[in-house]
Amino acid sequence: MTRATGMGSWPGTDVRETQRAVRSLLADEGLPYLPELPDRGPGADLIGRAAALLVDLHVDLQPQGWRFVDRAGRDAERAAAWWRQDLDELAETFDGYEGELKVQVAGPLTLAGSVWLHRGERAVVDEGALRDLTGSLAEGIRNHVAEVERLVPGARVVVQLDEPSLPAILAGRLPTASGFGRIRAIDSYVGANLVGEVLRAAGEVGGRAAGERHTVVHCCAKGAPLPLLRATGAGALAVDATVLGPKGWESLATTLEAGTDVWLGAYPSAAPLPGVGAVRDTVVRRWSDLGLSASTLADVTISPACGLAGLAPADAVAAQRLAGQVAEAVREATG
């Protein structure tokens, strides 16, 4: 059944109100998730939240950005406190909930491209540091998922890895610390293995075998490398469909044919929002142009293209509600 979800971030700082909004909008026929509120400040951002989950690796916030340090500082402690607040509220908001519940964490490559080494360069340039970070993140996500399932016993956790920096890392477009050069590109095979390692860890929590827990990799950047993402073993790929060219749509068709679910960021995460009918017609037409059976839209999840943190609170609610309305309209058009 075509369903709706969101990518993660919301505006504002009220954790309880935002979680209740997400549950209200998505719990019946969609995939609810633990929202992120970066407006709270340092440590509530995508990179700070993921870094706070690392095991036996410590970070602190420097003028350059998040950097590895010998022991955790105030900024890392604040990031951990944001997580505790989120999970405390989650236990209350989703009390009695049964069904899938999504959590989002930055993937290993995006994290390594945004955290700096002691010597002042990005962690992604150092093979040893990249391996250590990946292993640490995998263990941290294991612990995180286990805690979510302890707090919400009826939840079946879906793990989403966010990799917005992946195209730039694979193409060697990230700037060096000086800003005058570019960091050497990561081999796509290595990249797929690193992301896959974290996904496998997410599937092994609570005695589960790898692959038993649903996982998704989200890349909303233009030029998302779909063949590489398929090779990670993710159960689903989430992309911004509004920036896909003809080859990108063809690769989405290949993704479905390979048995991997597709999550479509079907409309921009910006106001003014399009109408339900316009988004539905675009999705259905694209499917027809690709020669795909309308029945395969049952395997598609509809969402805004990216997070909602850049919207006003009322617009964020409207953008998330639109995903559910589009999903329902697609079901009616193809059922």
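What you see is a predicted model; the values in this text were computed from it and never measured.
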field: T93 side chain to E89 backbone, donor-acceptor under 3.5 Å
entry: yes
task: Would you indicate whether the side-chain heavy atoms of E29 and E328 approach each other to under 4.5 Å?
output: no
- prompt: According to a 4.5 Å side-chain heavy-atom criterion applied to Ile, Leu, Val, Met, Phe, Trp and Tyr, with indirect links allowed, do L130 and V217 form part of one hydrophobic cluster?
  reply: yes
- request: Working to the nearest 0.5 Å, report the span between CG of L292 and CG of D299.
  value: 10.5 Å
- prompt: Side chains of E92 and R20: does their closest heavy-atom pair fall under 4.5 Å?
  reply: yes
task: Indicate yes or no for a side-chain donor-acceptor contact from S9 to the backbone of L308 under 3.5 Å, with no hydrogens or angles considered.
output: yes
query: Where the side chain of Y267 meets the backbone of A319, is there a donor-acceptor pair that is under 3.5 Å apart?
result: yes
- request: Measure from the side-chain N and O atoms of D281 to the backbone N and O of V279, and report whether any donor-acceptor pair falls under 3.5 Å.
  value: no
field: Residues which pass side chain to side chain contact (heavy atoms under 4.5 Å, CB included) with D75, listed by chain and number, not counting sequence neighbours
entry: D60, L61, W66, R78
message: Keeping R331 on the side-chain end and T2 on the backbone end, is there a donor-acceptor pair under 3.5 Å?
response: yes
Side-chain touch P164/L46, heavy atoms, less than 4.5 angstrom: yes
- line: The residue among V22, L34, L90 that forms side chain to side chain contact (heavy atoms under 4.5 Å, CB included) with L101 is L90
query: So do L133 and F68 actually touch side chain to side chain, heavy atoms under 4.5 Å?
result: yes
task: Please report the C-alpha distance between T110 and E163 in whole Å, then the side-chain angles of each, then the deciding distance to 0.1 Å, and finally whether the side chain to side chain donor-acceptor pair (under 3.5 Å) criterion is met.
output: CA-CA 5 Å; T110 290; E163 286 285 7; 2.7 Å; yes
field: same_hphob_cluster(V284, V276) at 4.5 Å side-chain heavy-atom cutoff
entry: yes
- line: Interatomic distance, CG@D315 vs CG@L322, rounded to 0.5 Å, equals 11.5 Å
- prompt: Going by side-chain heavy atoms closer than 4.5 Å, which hydrophobic residues are tied to V216, directly or by a chain of links?
  reply: M7, L31, V158, W263
Check: K222 side chain, D240 main-chain N or O, donor-acceptor pair, under 3.5 Å: no
query: Is there side-chain contact between P108 and V195, with at least one heavy-atom pair below 4.5 Å?
result: yes
message: Would the distance check show the side chain of Y97 and the main-chain N or O of E100 forming a donor-acceptor pair, the cut-off being under 3.5 Å?
response: yes
query: Between R230 (side chain) and S251 (backbone), is there a donor-acceptor pair under 3.5 Å?
result: yes
- request: For D39 and G12, indicate whether the former's side chain and the latter's backbone hold a donor-acceptor pair under 3.5 Å.
  value: yes
- prompt: Would V115 end up clustered with V190 when hydrophobic side chains under 4.5 Å apart are linked, directly or stepwise?
  reply: yes
field: Side-chain H-bond candidate by donor/acceptor type, R40 with T13, under 3.5 Å
entry: no
query: Salt-bridged, R150 to E147, with N to O below 4.0 Å?
result: yes
- prompt: Does any N or O in the side chain of W82 come within less than 3.5 Å of the main-chain N or O of P42, such that one atom is a donor and the other an acceptor?
  reply: yes
message: Quick check on the hydrophobic clustering: are V243 and L170 connected, directly or via other members, by side-chain heavy-atom contacts under 4.5 Å?
response: no
- prompt: Should the heavy atoms of other residues, nucleotides or ligands under 6.0 Å from CG of D187 be counted, would the total exceed 12?
  reply: yes
message: With clusters defined by side-chain heavy atoms of hydrophobic residues (ILVMFWY) lying less than 4.5 Å apart, directly or transitively, does V15 cluster with L151?
response: no
task: Could you list the residues that satisfy salt bridge (Lys or Arg N to Asp or Glu O under 4.0 Å) with R23, not counting sequence neighbours?
output: none
